[in-house]
Amino acid sequence: MNHHRLQSEVEKSAIRKVSIRLVPFVALMFFINFLDRTAISFAGPNGMNQDLGLTAAQFGLASGIFFIGYILLEVPSNLALHKFGARKWLARIMVSWGIVSLLFTWVQSVEGLYVLRLALGIAEAGFFPGAILFLSMWVPSRYRAKVLGLFYLAQPLTTVIGAPLAASLIEQHGLFGLEGWRVMFLGVSLPAIVIGIVAWFYLVDRPMDARWLTEEERRWLSDELEREHVEKSSGAHHPSVRTVMFNGRVWVLCMIYFGFIYGLYALAFFLPSIIAGFQAQFGTTFNVIEKGLITAIPYLPAAVVLYFWSRDASRRGLRSWHITLPALAGAVSVPMALYMSSAFSTVLVLTVTACAIFSALPTFWTLPTRFLTGASAAAGVALINTIGNLAGFSAGYLTGALHDLSGGYTVPMFVVGGFMLLSAVLMQLLDGADKRALRDTRTASNA
């Protein structure tokens, strides 16, 4: 009894220390990452589109072209992380994108904007799946929904804090002789370089090297993670790096993720523009700071829902409805927002959309590492994120192009709803296939 109680105390202490020491710092890195890649959404309607002469389609292409470079180097970058270690690779990625992001301060043309967005995607490639993989390598599977939920809080909070921050920087028009949107790019880029350098010294690649854990905690974490690794490696469904690319389950996960990311970036890139259009639509006028605060509104409840939804998934064990229900809520709420009669009701319905997207994402990321391990996990997570991020490009470009063609956001938002509905359907099909496979395995073993 005393042995089990001691082991339980070591387990709780180890997970608590990892949650306190690593998760907030990696979440801070993610906060800066998401702010830098979506900073263009604040710059666009606040002077950049006018100064560079951008149409909605050109703005959408500039937003989305980021993902071309990101996609091309995603899998190689994550395999490099697996080879060289997360500490060095994540720090390298962060400093690289910080330098590129800083150059947006002096962009002078549409073509220059395209080149920098493409370069930013190349610089950032591998960060997000690398961060997911890094945290997954530190905690056993039963704790991952909770830990990834805490990590994912950074994404909605980026807008809660980042939108007013971006707005306040834009208000500093004339600082260093720069337009407000250029000051904003300068202000959000420097932290990436600083924190990237800090990450080199702060992060640790594996539990056995963590001096902030006791010997018992290091041994327990390492043994537990090794046991899971052996179990997955010996299972019938453990694919190699090569076969990951042809694994049907991985590709279904890719498409589920695609739907959520399409909704995420349609919201992230165009919500500030939709809010800027409230004046023509509802006769309401807001200054830059007010627009920034309104942009942040949907994301604060989303952070709260994300936290409790992830806790529930961790407590019950992940169920298919933890992903299906949010997908359905997003599919319905996105087009519904188009038919609201006021700015308040529109933002309220879009808040439901944000809650839906963010509640599902951290629980979704516990799925790949349930049946992938080692280099195949690095490849699988990167592939899912790569295909999902095709939605980042598609959402930016298609939303802008469809807006220009149709003269409004009705058609683009129905497309968003359709992709989220696809995610719900695919999740249920995958769950059904898993249950049939489990039933067949039990029948075969009893025969």
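Bear in mind that the values here come from a model prediction, so they are computed numbers and not experimental data.
I122 places none of its side-chain heavy atoms less than 4.5 Å from the side chain of Y70. Between P140 and L221 there is a side-chain heavy-atom pair separated by less than 4.5 Å. A heavy-atom distance below 4.5 Å is not found between the side chains of F176 and R182. Side-chain contact between L383 and C254: present, with at least one pair of heavy atoms (C-beta onward) separated by less than 4.5 Å. Looking at I193 and M94, their side chains never come closer than 4.5 Å, going by heavy atoms from C-beta outward. Within the 4.5 Å cutoff, side-chain heavy atoms of K17 are placed close to those of L213. Taking the side chain as every heavy atom from C-beta outward, Y299 and I161 never approach each other to under 4.5 Å. In this structure, L398 and Y262 have side chains that are in contact, with non-hydrogen atoms separated by less than 4.5 Å.
The CD1 atom of I68 sits 12.0 Å away from the CG atom of L73 when rounded to the nearest 0.5 Å. Remark: T324 OG1 to M427 CE distance equals 5.5 Å, nearest 0.5 Å. Taking CD1 from I297 and CZ from F344, the interatomic distance works out to 8.5 Å, rounded to the nearest 0.5 Å. Note that the CG atom of N46 and the CG atom of L169 stand 11.5 Å from one another [nearest 0.5 Å]. Of the inter-residue distances, the one linking I261 atom CD1 with L390 atom CG reads 11.5 Å to the nearest 0.5 angstrom. Rounding to the nearest 0.5 Å gives a distance of 13.5 Å between CG of L175 and CD1 of I170.
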Report the C-alpha separation of F25 and V198 in whole Å, then their side-chain angles, then the decisive distance to 0.1 Å, and conclude whether the side chain to side chain contact (heavy atoms under 4.5 Å, CB included) test is met. CA-CA 10 Å; F25 187 81; V198 173; 3.9 Å; yes
Which is it for W200 and L90 under the side chain to side chain contact (heavy atoms under 4.5 Å, CB included) test, yes or no, and what are the steps along the way? CA-CA 8 Å; W200 182 280; L90 291 177; over 6 Å; no
Please assess F364 against F260 for the test ring-ring contact (aromatic ring centres under 6.0 Å, His included), listing each intermediate value before the final yes or no. CA-CA 10 Å; F364 169 85; F260 281 109; 7.3 Å; no
Is there a side chain to side chain contact (heavy atoms under 4.5 Å, CB included) between F42 and L165 once you walk through the steps? CA-CA 10 Å; F42 305 114; L165 172 64; over 6 Å; no
Does L113 form a side chain to side chain contact (heavy atoms under 4.5 Å, CB included) with S109? I'd like the steps, not just the answer. CA-CA 6 Å; L113 185 66; S109 66; over 6 Å; no
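Applying side chain to side chain contact (heavy atoms under 4.5 Å, CB included) to V107 and the options D51, V115, L116 leaves one that passes, L116.
The backbone N or O of G121 lies less than 3.5 Å from no partner atom in the side chain of E124, so there is not a single donor-acceptor pair. With D404 contributing its side chain and A57 its backbone, the two residues share a donor-acceptor pair below 3.5 Å. Although no hydrogens or angles enter the test, the distance criterion places no donor-acceptor pair under 3.5 Å between the side chain of Q50 and the main chain of G47. Judged purely by atom type and a 3.5 angstrom limit, S77 uses its side chain to pair as donor or acceptor with the backbone of A125. Under the 3.5 Å distance criterion, the side-chain polar atoms of S222 are left unmatched by any main-chain donor or acceptor of R219. For the pair S101 (side chain) and S189 (backbone), a donor-acceptor distance under 3.5 Å is absent. A donor-acceptor pair is defined here as one N or O able to donate and one able to accept, closer than 3.5 Å; such a pair exists between the side chain of R218 and the backbone of A210. Remark: side-chain polar atoms of Q172 are paired, donor with acceptor, to backbone N or O of S168 under 3.5 angstrom. A donor-acceptor distance shorter than 3.5 angstrom exists from the side chain of W309 to the backbone of H322, with no hydrogens or angles considered.
For residues 83-104, every residue pair satisfying the ring-ring contact (aromatic ring centres under 6.0 Å, His included) rule, not counting sequence neighbours, is listed here: F84-W89, W97-F127, F104-F185.
Within the 6.0 Å centre-distance limit, the rings of F151 and F30 are counted as a close aromatic pair. Aromatic ring centroids of F67 and Y265 lie under 6.0 Å apart. Aromatic pair F358/Y152: centroids not less than 6.0 angstrom apart.
The ring-ring contact (aromatic ring centres under 6.0 Å, His included) test applied to W181 returns no partner, not counting sequence neighbours.
No cation-pi contact links R87 to F134, judged by a cut-off of 6.0 Å to the six-membered ring centre and 45° from its axis.
The shortest non-hydrogen separation linking A313 to T363 is CB-CG2, 3.4 Å. Heavy atoms only, all atoms of each residue included: L102 and W106 are closest at O-CZ3, 3.3 Å. The shortest heavy-atom contact between G187 and P191 is O-CD, 3.4 Å. Smallest separation of non-hydrogen atoms from A337 and V349: N-CG1, 3.7 Å. The minimum heavy-atom distance between I65 and L118, with the atom names listed, is O-CD1, 3.7 Å. Pairing each heavy atom of P362 with each of S359, the nearest pair is CD-O, 4.0 Å.
Contact check on R144 versus E228 returns a salt bridge, with a Lys/Arg side-chain nitrogen under 4.0 Å from an Asp/Glu carboxylate oxygen. Between R16 and E11, none of the side-chain N atoms (NZ, or NE/NH1/NH2) sits under 4.0 Å from a carboxylate O, so this pair counts as no salt bridge. Taking a cutoff of 4.0 Å between a charged side-chain nitrogen and a carboxylate oxygen, R227 and E224 qualify as a salt bridge.
Residue K291 places its NZ atom among more than 12 non-hydrogen atoms of other residues, nucleotides or ligands, all under 6.0 Å distant. Annotation: R142, atom CZ; neighbour count of heavy atoms from other residues, nucleotides and ligands within 6.0 Å is above 12. Counting heavy atoms of neighbouring residues, nucleotides and ligands inside a 6.0 Å radius, atom CZ of R315 exceeds 12 of them.
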